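Below you'll find the structure, written out as structure tokens, and then a few comments.
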Amino acid sequence: MVTRPTAEELQAARDRVVPDVAAGGLSVLFCGINPSLMTAATGHHFARPGNRFWPVLHLSGFTPRRLAPAEQGELLSYGLGITNVVARATARADELSAEEYREGGRILTAKVERLAPRWLAVVGVTAYRTAFGEQKAAIGPQEQTIGATRIWALPNPSGLNAHWTAESMAEEYARLREAAGIPDRRA
């Protein structure tokens, strides 16, 4: 049974950095905005209970079953990985400054140049706009590339993003999966 961090443990996780789940040559490197306190306390990306990343990843066919955040290492076997625009953990993304996003974009660019995934999938179009100075960017494939890496802006899977349901997000994530040439892995 997974125990949830206490309020004190969550606050102690503020500003903590969570290691990426990444390797060279991935098909898709998913990029969150920044780690939540729950992610930082557990060490597992997208760990907040209301976050829909793991269900949407399965519903869109990227994984054969719904993975738990603690199983994040399995993503590498599917050619997938996770990083963040800004490395430090906060309670809410609105605690980040525009300069942190821009600096995160510079760091992310260097990381993508080094790892050379086929696709960088930024889960949060507003974060993408700010980090990369693309103010008119919309959900979907972007014209901008980082070397040979293509970029796709995806809806933010946070439970706070009420504009998108898990099903509508899964449709957009599946568009990326198909563009990346990844077969539907659902059983």
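It should be emphasised that the depicted structure is a prediction, and the values quoted were computed from it without experimental measurement. Numbers here simply count residues along the sequence, with the first being 1.
Considering only heavy atoms from C-beta on, L108 comes within 4.5 Å of F132 through its side chain. Between L120 and I146, the closest side-chain pair of non-hydrogen atoms falls below 4.5 Å. Residues L26 and L76 meet the side-chain proximity criterion, which asks for heavy atoms closer than 4.5 Å. Using a 4.5 Å heavy-atom cutoff, the side chains of H45 and V21 are in contact. Between P35 and R16 there is no side-chain heavy-atom pair separated by less than 4.5 Å. Side-chain atoms of P157 and V123, non-hydrogen and from C-beta on, do get closer than 4.5 Å to each other. You'll find the side chain of T42 reaches within 4.5 Å of the side chain of P5, heavy atoms only. Counting heavy atoms from C-beta on, the side chains of Q72 and L67 never come closer than 4.5 Å.
Summarising the hydrophobic clusters (Ile, Leu, Val, Met, Phe, Trp, Tyr; side-chain heavy atoms under 4.5 Å, direct or chained), the residues clustered with L59 are none.
With sequence neighbours left out, the side chain to side chain donor-acceptor pair (under 3.5 Å) criterion links T130 to no other residue. Judged as a side chain to side chain donor-acceptor pair (under 3.5 Å), and not counting sequence neighbours, the contacts of T90 are N34. Not counting sequence neighbours, W164 has no partner by the ring-ring contact (aromatic ring centres under 6.0 Å, His included) test. With sequence neighbours excluded, the residues forming a salt bridge (Lys or Arg N to Asp or Glu O under 4.0 Å) with E74 are R65, listed by chain and number. For Y101, there are no ring-ring contact (aromatic ring centres under 6.0 Å, His included) partners two or more places apart in sequence or in a different chain. Considering only residues two or more places apart in sequence or on other chains, E172 meets the salt bridge (Lys or Arg N to Asp or Glu O under 4.0 Å) condition with R175. The salt bridge (Lys or Arg N to Asp or Glu O under 4.0 Å) test applied to E99 returns R102, R106, not counting sequence neighbours. Remark: R66 engages no residue in a salt bridge (Lys or Arg N to Asp or Glu O under 4.0 Å) (not counting sequence neighbours).
Here the closest heavy-atom approach between residue A41 and residue L10 is recorded as CB-CD2, 4.0 Å. Looking at every heavy atom in both residues, R4 comes nearest to P49 through NH2-CG, 3.7 Å. G61 and D184 get closest at one heavy-atom pair: CA-OD1, 3.3 Å. In terms of heavy-atom proximity, A137 sits nearest to V125 at O-CG2, 3.7 Å. Taking every heavy atom of both residues into account, T39 and A47 meet most closely at OG1-N, 3.2 Å. Residues A121 and L154 approach most closely at CB-CD1, 3.7 Å, considering heavy atoms.
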query: Going through the distances and angles, do Q142 and W152 end up as a side-chain contact (heavy atoms from CB on, under 4.5 Å)?
result: CA-CA 6 Å; Q142 305 302 305; W152 197 291; over 6 Å; no

message: Applying side-chain contact (heavy atoms from CB on, under 4.5 Å) to T63 and Y78, what does each step give before you reach the verdict?
response: CA-CA 7 Å; T63 59; Y78 303 123; 4.1 Å; yes

task: Test Q11 against L37 for side-chain contact (heavy atoms from CB on, under 4.5 Å), laying out the working first.
output: CA-CA 7 Å; Q11 284 310 309; L37 296 182; 3.7 Å; yes

Below 3.5 Å, can you tabulate the donor-acceptor pairs from side chains in residues 109-117 to any protein atom, sequence neighbours excluded?
from	atom 1	to	atom 2	distance (Å)
T109	OG1	G105	O	2.8
K111	NZ	D20	OD2	2.7
K111	NZ	T83	OG1	2.8

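The line from CZ of R186 to OG of S60 is 7.5 Å long, rounded to the nearest 0.5 Å. Atom-to-atom distance recorded for S168:OG and H163:NE2 is 11.5 Å, nearest 0.5 angstrom. If you take CZ on R48 and OG on S36, they are separated by 6.5 Å, rounding to the nearest 0.5 Å. Here CG of D94 is found 10.5 Å from CD1 of I33. Values are rounded to the nearest 0.5 Å.
One hydrophobic cluster holds both L29 and I151 under the rule that ILVMFWY side chains link at heavy-atom gaps under 4.5 Å. If you chain together hydrophobic residues whose side chains sit under 4.5 Å apart, Y128 and L96 fall into the same group. Under the 4.5 Å side-chain heavy-atom criterion for Ile, Leu, Val, Met, Phe, Trp and Tyr, Y173 and F46 are members of the same hydrophobic cluster. Each of V18 and V122 belongs to its own hydrophobic cluster when Ile, Leu, Val, Met, Phe, Trp and Tyr are linked at side-chain heavy-atom distances under 4.5 angstrom.
At distances below 3.5 Å, at least one donor-acceptor pair connects side-chain atoms of T6 with backbone N or O atoms of E9.
Classification of E100 and R88 as a salt-bridged pair holds, one side-chain N sitting under 4.0 Å from a carboxylate O.
The salt bridge (charged side-chain N to carboxylate O under 4.0 Å, His left out) contacts involving residues 126-155 comprise nothing, where partners must be two or more places apart or lie in separate chains. Listed by first and then second residue, the ring-ring contact (aromatic ring centres under 6.0 Å, His included) pairs involving residues 9-34 are F30-F53, F30-F62 (not counting sequence neighbours).
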